[in-house]
Amino acid sequence: MIGPEGLDHRSAARYLLALAGRQKAGVIWAIVTSGIWNTSQVFIPVAIGWAVDRGITQGDRGQLILWSLVILALGLVRAVAGTVFYRQQLLTGTASGAMTMHLVTRHITKLGASLPRVADVGNLTATCTSDVTAIGSGMRHVGRVLGSVIAVVVITVIMLMISLPLGLVVLVTVPAVVGLSGLLLRPLHRYQDEYRTQQGRLAGRAVDIASGLRVLRGIGGERRFAKAFHADSATLRVADVQVARAEANFTATDVLMPGVISVIVTYTAARFVLSEQVTIGQMVAFYAFAVFLTLPLHDIMEGANQLTRALVAAGRVTKLLNTPVPDRASRGAAPADRGEVHLVDRVSGLDVPPSTLMAVACAQSPDAEMLARRLARFEESGEVMLGDQPLSSLPISDVRARILLARNNDRFFAGTVRREIAPSETTGPDEVTEALRIAHATDIIDALPDGLDTPMTGRGRTFSGGQLQRLRLARALLAKEADFTLLVEPTNAVDAYTEHSIAANLAERHRSASHRASTVVFTVSPLLLQRAQLVAYVVDGRVVATGPHAELLSGHPEYRQLMTRDDASVVGQ
C-alpha cells in the first residue's frame with residue numbers, strides 16, 4: 001500500500017518487524033511479562049468468586065483465608081511482573097529509537113552531497129526528532145498489546161467454562177469493539193500522514209528563516225517570510241485539528257465500548273443469578289471480568305493508535321533509508337599514479353592537468369557552481385574522467401579522498417579552531433601555520449584569546465564572513481591527500497589587499513617543487529586569474545578558450561569585457 005507522498009507502508013511494517021527482530025529477546029520478554037501481568041489480574045476475579053461461594057456463602061473460614069491468600073499472591077505476582085514489564089518496554093522503546101537514529105545518521109553520512117536532492121532540512125529535522133520518538137513509542141506498546149490480547153483470550157475461555165451464554169456475549173462484543181477501532185484508525189492514519197508532511201514543511205521554512213535572518217533584514221524581507229510562515233502555521237493547525245478530531249473519536253470509543261461491555265455482562269450475569277443459572281460468587285467474578293476487560297481493551301486500542309503513528313514515522317524513515325547510496329554503483333578502481341593524472345570534464349571540455357594552479361572564469365556565475373559540483377561528483381555524470389577511469393565508476397570514498405570541493409557555504413561545527421581547520425591528527429603545527437599564512441589568516445588566530453585552542457561556536461558565528469572564508473581556505477589547503485582542490489570564489493568576501501596576498505601565496509605554493517597537487521579556482525577576480533598558471537574561459541557551460549590570463553585578455557574581447565565588468569562592479573561596491 002502506497003500512502004501520501006509515495007510512502008510504502010509495507011516497507012514501513014517490514015522495518016518495524018526488523019526492529020523487533022533485532023531485539024527478539026527483549027520483545028519476547030516484554031510479551032511474557034505483559035502476559036503474566038495481565039493474566040494474573042484475570043485470575044483474581046476467579047479467586048474472589050471462589051472466596052464468596054466457598055468461604056462467605058458456606059461460612060467456611062478456612063476457605064475464605066485460603067482464597068484471600070491466593071488473591072494476595074496473585075496481586076504480588078502482578079506487581080512484580082508489571083514492574084519488570086514496564087522496565088522492559090521502556091528499554092525496547094529507547095533502543096528502537098536509538099537504532100533508528102543510528103541508521104538514519106549513518107545513511108545520511110553515506111548519501112553525502114546527494115542528500116539535499118532527496119530530503120530538505122525540515123523533513124530531516126522532523127525525521128530525527130518526531131519520527132524517531134514515534135517509532136520508539138510504537139515499539140514500546142508491542143508487548144503491551146500482545147499481552148492484552150492474551151488476557152482477553154484467557155478471560156473469554158474462563159467465562160465460557162463458567163457460563164457458555166456469558167462467554168458468548170464477550171466473544172461477540174470484543175471483536176466488534178476491535179473492528180470498530182480498526183475503522184476509526186483509517187482516517188486517523190491518513191490525517192497523521194498529512195500532519196507529518198505539513199510539519200516537515202513548516203520546520204524547513206523555520207530553518208530557512210533562522211539561517212537567513214540577517215539577509216532578510218538586509219533586504220527587508222522579514223514581513224514576507226513571516227506572512228508565509230503564518231500561512232503554513234495555519235495549514236498545520238488545520239491538520240492538527242483533523243488529527244485531534246480523529247483521536248477524540250478514537251478515544252471516545254476507547255472509553256465507551258469497554259463500558260458498554262461491562263454493562264451488558266454485568267446485567268446478564270445478574271439476570272442469571274436471579275434465575276439461579278450462576279452463583280453469587282460467579283456473578284461477582286463476571287462483574288470483575290467485565291470491569292477488568294476495560295484495561296486490556298484500552299491497551300489494545302491505545303497500542304493500535306501508537307503503532308499507527310509508528311507506521312507513519314517508519315514510512316518516512318524507510319523512504320530516506322531506501323535512497324540509493326552512490327557507492328553502490330561503483331565498479332572500478334582509482335588510478336594508482338596519484339599526482340600524474342588529468343581531471344577531465346568531457347561535457348564542458350575542461351581539462352585540469354596535474355600539479356597546476358588553474359583558474360576557471362565563467363561568464364555566467366551559476367556555471368561555476370555547477371561545473372565544480374560535477375568535477376567533484378556532487379552531481380552524477382558519466383562524462384567526468386580521472387585519468388582513464390570514469391569518475392562515476394569509482395568508489396565515492398576514493399573520489400572524496402582525491403578531489404576536494406571547498407565552497408563558501410561549507411560549515412564549521414562547534415569545537416576548537418584547531419580541530420575545525422585541521423581535523424586530521426597527523427597534521428603538524430608547522431603545516432597549520434603554513435596553511436594559515438597562505439590563506440592570510442594568521443592575524444585571525446593571533447587575535448583570539450587562546451589562539452588555535454579557542455572554542456568555535458557552531459557555524460563560526462563569532463567570525464565575520466571574510467574571516468570564515470579565509471579559515472575555510474586554510475582548512476582546504478590542509479587536506480593533504482587531495483590531488484585536486486576545487487575552490488569556488490574563495491576570496492569574494494575579502495578586501496583587495498588580502499585577495500592579492502592570497503593569490504601571491506597560492507602561486508608561490510605551486511612553484512614549490514614538492515607540491516604535486518592541482519588547485520582549481522573558480523573565479524572572475526583578475527587578482528587571482530593573473531596569478532594562475534592556466535586559465536579556462538567558460539561560456540554557456542563550455543570551455544571556449546584556455547591559456548594564460550594575459551593571452552586571453554589580448555585575444556578574446558568577451559573575456560576582456562568580463563574582466564572589465566568585474567572591475568567595475570568592485571569599484572561600484
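These numbers come from a predicted model, not from an experiment.
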Would you say Arg78's side chain and Ile36's backbone share a donor-acceptor pair under 3.5 angstrom? no
Whether His141 side chain and Leu307 backbone form a donor-acceptor pair below 3.5 Å: no
Determine yes or no for a side-chain-to-main-chain donor-acceptor pair under 3.5 angstrom, with Ser34 supplying the side chain and Gly143 the backbone. yes
Donor-acceptor contact below 3.5 Å, side chain Arg472 vs main chain Asn408: yes
Does Leu394 offer a backbone N or O that forms a donor-acceptor pair with the side chain of Arg377 under 3.5 Å? yes
Going by heavy atoms in the side chains, are Leu16 and Leu311 under 4.5 Å from each other? yes
Can you tell which of Thr457, Leu468, Leu448 makes a side chain to side chain contact (heavy atoms under 4.5 Å, CB included) with Thr462? Thr457
May I ask you to decide if Ala30's main-chain N or O and Thr33's side chain share a donor-acceptor pair within less than 3.5 Å? yes
Side-chain donor or acceptor of Asp398 paired with backbone N/O of Pro395 under 3.5 Å: no
For a 4.5 angstrom cut-off between non-hydrogen side-chain atoms, does Val70 reach Leu74? yes
pair Thr454-Pro449: side-chain heavy atoms closer than 4.5 Å: yes
Under 3.5 Å donor-acceptor, Thr94 side chain and Leu91 backbone: no
Do the side chains of Thr83 and Trp37 get nearer than 4.5 Å, heavy atoms only? no
With heavy-atom distances below 4.5 Å as the criterion, would you say the side chains of Arg144 and Phe85 are in contact? yes
Do Arg309 and Ile135 come within less than 4.5 Å of each other through their side chains, counting heavy atoms only? no
